[in-house]
Amino acid sequence: MSEPVKTPDVKAPETKTPEKKRRYAPAEMGGRGHGPGPRGMERARVKDARGVVRRLSGYLTKVRLPLIAAILALIGSTVTSLLTPRVSGSLIDALNAATNLSPALIAAGVFGVYVSNGLFLSARLNREGLKKDAGKLMTEGFVFSLANFAVATAGGGAILYVSTGEANARLMELLLKLGGLYLAGTLLSLFQQLMLVRVAQHTVRVIRTDLFDKLQALPLRYFDSTPHGQLMSRLTNDVDNVSSMLSNSITQILSAVITLVMCLYMMLRLSWQLTLVSCITIPVSLLIARTVTKRTRKLFKEQQACLGELNGIVEETVSGARVVKVFCREENVIHDFDEANEELTKAGVTASILSSAMGPLMNVVHNFAYALMSGIGGFLVVSGSVGSIGMIQSFLQYSRQFANPFNQIANLVTSIQSALAGAERVFEVMDVEPEPADAPNADPLAHPQGHVEFRNVTFGYDPARPILKNVSFEAKPGQTIALVGPTGAGKTTVVNLLMRFYDIDSGDIFIDGINIRDIQRRPLRLSLGMVLQDVYLFAGTIRANIAYGRPDATDEQIHRAAKLANCEEFIERLPQGYDTELAEAGANLSQGQRQLLSIARAILADPSVLILDEATSSVDTRTEMHIQQAMLTLMKGRTSFVIAHRLSTIRGADQILVINGGEIIERGTHEQLLAADGFYANLLKSQYRSGLVEENDEKTE
């Protein structure tokens with residue numbers, strides 16, 4: 001009798017420390033994995049940013065024309081936005097010349113309008129939603145441009161009403177020029193956004209295709225040692241981050257750089273004294289950005305770790321919902337979830353509060369400098385030191401635009417770092433060594449006979465810990481070889497090597513007298529049919545799943561395979577029969593029905609060598625009897641390897657190999673091994689004593 005399973009007590013929430021070990025941390029490479037891992041978030045740290053940018057640039061060269069068009073449109077829209085202050089400044093001077101109003105009055109009115117508009121725009125741009133949504137950001141810019149144009153038009157119209165002569169013509173010219181600049185800037189921004197969306201989507205499509213193609217070429221060793229959730233995250237989340245960077249972040253970075261350079265140039269031309277006043281914000285802004293970014297980086301990493309923990313709990317609980325309910329563990333998993341959720345909330349609140357402080361702090365510095373320049377500029381106008389009110393107004397607009405890039409770049413640092421880290425993780429998968437290519441003169445194995453021989457084969461998933469040690473045996477065409485032994489003895493490893501999912505460390509494997517290394521992988525695997533204990537069915541119809549290994553099979557052949565596997569009866573009872581759509585992983589079928597379909601799939605493939613890896617372990621006694629009858633028919637004339645779980649099912653095997661500790665400790669027929677009264681005989685006796693053989697409903701392993 002096995003010992004009762006002990007239910008662990010629920011532990012009180014532990015005090016969180018920076019080095020807390022998480023249950024769902026990504027697995028380390030090198031060992032043999034055991035199925036999918038959680039979809040946890042990975043740390044956003046770039047090891048080689050320059051290399052990642054260089055590789056991304058290689059993908060961008062494939063869409064160089066739309067990219068060049070987008071960059072030109074970006075430059076054009078930036079230039080138009082930088083020309084508008086000069087035109088509006090000239091408009092102010094023209095208004096002054098037309099009306100001869102007091103310079104102090106005009107200066108006060110102009111400064112009031114632009115200060116209020118500037119503060120409004122700054123507040124809007126620093127809203128969290130606008131930082132992450134380029135479409136909303138462009139809309140805000142368009143609305144702001146219309147507002148400024150409306151103000152200028154209203155002022156110009158009022159002056160036109162009271163002025164005459166050349167002043168009217170000059171004002172009309174400037175108003176039309178200003179309107180043309182706003183319209184051109186809006187159209188160029190729209191065109192630039194459309195081109196960048198095309199560039200981003202095409203680029204990530206190519207990256208996603210390359211990554212998926214690479215996954216198909218990777219050896220099984222990689223999937224066994226890498227949590228599947230991480231691979232899914234790289235194919236979806238990381239690629240989406242790259243798309244967001246290409247369509248939004250790069251645009252804003254380029255625009256910020258162009259704006260900085262051109263604004264600085266224009267400001268120096270207008271007034272080097274006021275430019276010095278404006279530049280006092282640069283070191284203060286950099287200091288704030290560095291301080292806040294340094295602190296938030298650690299907090300965001302902690303947030304990502306907490307999110308990975310929460311995702312792992314959710315995925316595990318949903319996947320194991322039946323087990324949770326069977327053992328009445330609902331309260332326990334709720335407790336685990338609440339604890340992880342609380343940690344995520346704390347980490348998220350702290351990180352978000354500190355990161356959100358970046359914008360307001362920057363605005364305080366920039367608004368202080370803006371107010372200082374407004375005051376100094378107004379004093380210069382009133383005192384007569386500056387002859388043009390329009391020049392001061394233009395300078396203030398440039399100073400406002402000069403400050404914005406610092407906010408943009410500071411806000412983009414985290415997202416760009418995350419996107420580059422995602423791209424690096426994608427490229428890490430692409431750089432994994434694929435399965436070795438077939439030898440130049442590899443045999444296509446056109447007519448396999450099924451003669452298999454292992455000679456002194458040694459292999460370990462970790463070379464330092466061999467699973468198989470000097471294993472040798474021979475299976476002649478048409479023979480049935482049974483593999484028996486305790487869990488972890490190496491039975492499944494034997495068939496993995498035969499399928500060449502892994503390459504052996506030493507020794508040789510021959511098929512029809514040809515070394516397996518000298519056989520092309522595709523025809524080799526097509527000649528081997530494998531039915532696994534853990535059945536996997538794909539989304540689609542039952543018909544498509546049966547024909548998965550032979551898509552060109554006729555309906556008659558599919559029905560015959562289903563009949564041989566004894567699954568035709570339950571298929572015909574389904575509402576749509578063979579056209580019934582399967583849920584994810586065949587969840588709308590019982591485990592036994594899924595196993596029968598996988599057997600039908602192997603039958604239809606018509607392999608020369610059949611591998612049954614505990615193929616009937618998940619079906620009831622009556623179903624197993626039907627399967628065994630079908631298998632006896634199927635195995636005639638084929639070399640068959642059966643990993644035995646019930647010793648009563650392998651009595652008719654031509655040879656039974658008893659594997660323990662990676663070595664074949666006994667071999668022979670059922671009767672020979674019983675007569676030897678060794679490991680196999682003792683194993684069978686234990687089944688007799690427990691009633692397993694008679695009832696035929698338990699495993700030995």
Side-chain angles (χ1 to χ4, degrees), residues 22 24-30 33 36-63 67 132 196 199-219 221-223 225-254 293-294 296-309 311-312 351 355 409-434:
R22 302 192 179 278
Y24 299 95
E28 295 182 358
M29 293 292 293
R39 281 188 177 182
M41 296 288 290
E42 299 177 56
R43 295 188 299 174
R45 177 182 297 174
V46 188
K47 301 175 185 176
D48 182 16
R50 183 176 300 177
V52 173
V53 171
R54 184 170 57 250
R55 294 185 68 166
L56 283 175
S57 300
Y59 281 96
L60 290 174
T61 58
K62 300 176 181 178
V63 284
L67 181 61
K132 300 179 180 179
L196 279 176
V199 168
Q201 293 303 318
H202 178 81
T203 302
V204 297
R205 178 183 66 82
V206 176
I207 292 176
R208 193 180 291 117
T209 300
D210 288 351
L211 179 58
F212 189 79
D213 291 346
K214 183 57 181 282
L215 290 177
Q216 309 313 307
L218 292 178
R221 182 190 297 271
Y222 181 80
F223 294 99
S225 59
T226 305
H228 297 176
Q230 288 189 29
L231 294 178
M232 291 294 297
S233 179
R234 297 185 190 206
L235 192 59
T236 54
N237 299 340
D238 289 336
V239 174
D240 286 342
N241 284 340
V242 174
S243 174
S244 177
M245 180 182 69
L246 293 176
S247 59
N248 297 326
S249 302
I250 288 182
T251 308
Q252 296 181 51
I253 289 291
L254 290 175
T293 302
K294 184 178 179 180
T296 55
R297 184 182 297 116
K298 183 178 179 180
L299 291 171
F300 275 118
K301 288 179 182 177
E302 176 65 19
Q303 182 184 8
Q304 289 175 333
C306 292
L307 182 58
E309 182 82 1
N311 288 343
S355 64
I409 294 174
N411 291 330
L412 289 172
V413 167
T414 301
S415 61
I416 291 177
Q417 188 178 31
S418 176
L420 290 178
E424 188 171 53
R425 287 191 289 267
V426 170
F427 293 143
E428 283 175 357
V429 177
M430 291 185 181
D431 292 338
V432 175
E433 285 293 327

Could you check whether any side-chain heavy atom of [X] comes within less than 4.5 Å of a side-chain heavy atom of [Y], counting everything from C-beta outward?
| X | Y | answer |
| --- | --- | --- |
| Leu246 | Leu60 | yes |
| Met430 | Arg55 | yes |
| Val426 | Val242 | no |
| Thr61 | Leu67 | no |

What pair of heavy atoms forms the shortest contact from Pro434 to Pro219, and how long is it? C-CD, 4.0 Å

Shortest non-hydrogen contact from Ala423 toward Leu56: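 It is CB-CD1, 4.2 Å.
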
For the CD atom on Gln216, are there more than 12 heavy atoms of other groups (residues, nucleotides or ligands in this structure) within a distance under 6.0 Å?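 For Gln216, atom CD is crowded (more than 12 foreign heavy atoms under 6.0 Å).
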
Basic-acidic side-chain contact under 4.0 Å: Asp213, Arg208: no

Straight-line distance of [X] [atom1] to [Y] [atom2], nearest 0.5 Å:
| X | Y | atom1 | atom2 | answer |
| --- | --- | --- | --- | --- |
| Leu235 | Leu215 | CG | CG | 6.5 Å |
| Leu420 | Arg425 | CG | CZ | 10.5 Å |
| Glu433 | Tyr222 | CD | OH | 12.5 Å |
| Thr203 | Met245 | OG1 | CE | 10.0 Å |

Can you list everything that forms a salt bridge (Lys or Arg N to Asp or Glu O under 4.0 Å) with Asp210? Sequence neighbours excluded, please. none

Give a yes or no answer on whether the side chain of Lys214 reaches the backbone of Phe427 with a donor-acceptor pair at less than 3.5 Å.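 Looks like no, no N/O pair under 3.5 Å.
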
Contacts of type side chain to side chain contact (heavy atoms under 4.5 Å, CB included), residue Ser243, not counting sequence neighbours: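 Partners of Ser243 by the side chain to side chain contact (heavy atoms under 4.5 Å, CB included) criterion, ordered by chain and then number, come out as Ala200, Gln201, Val204.
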
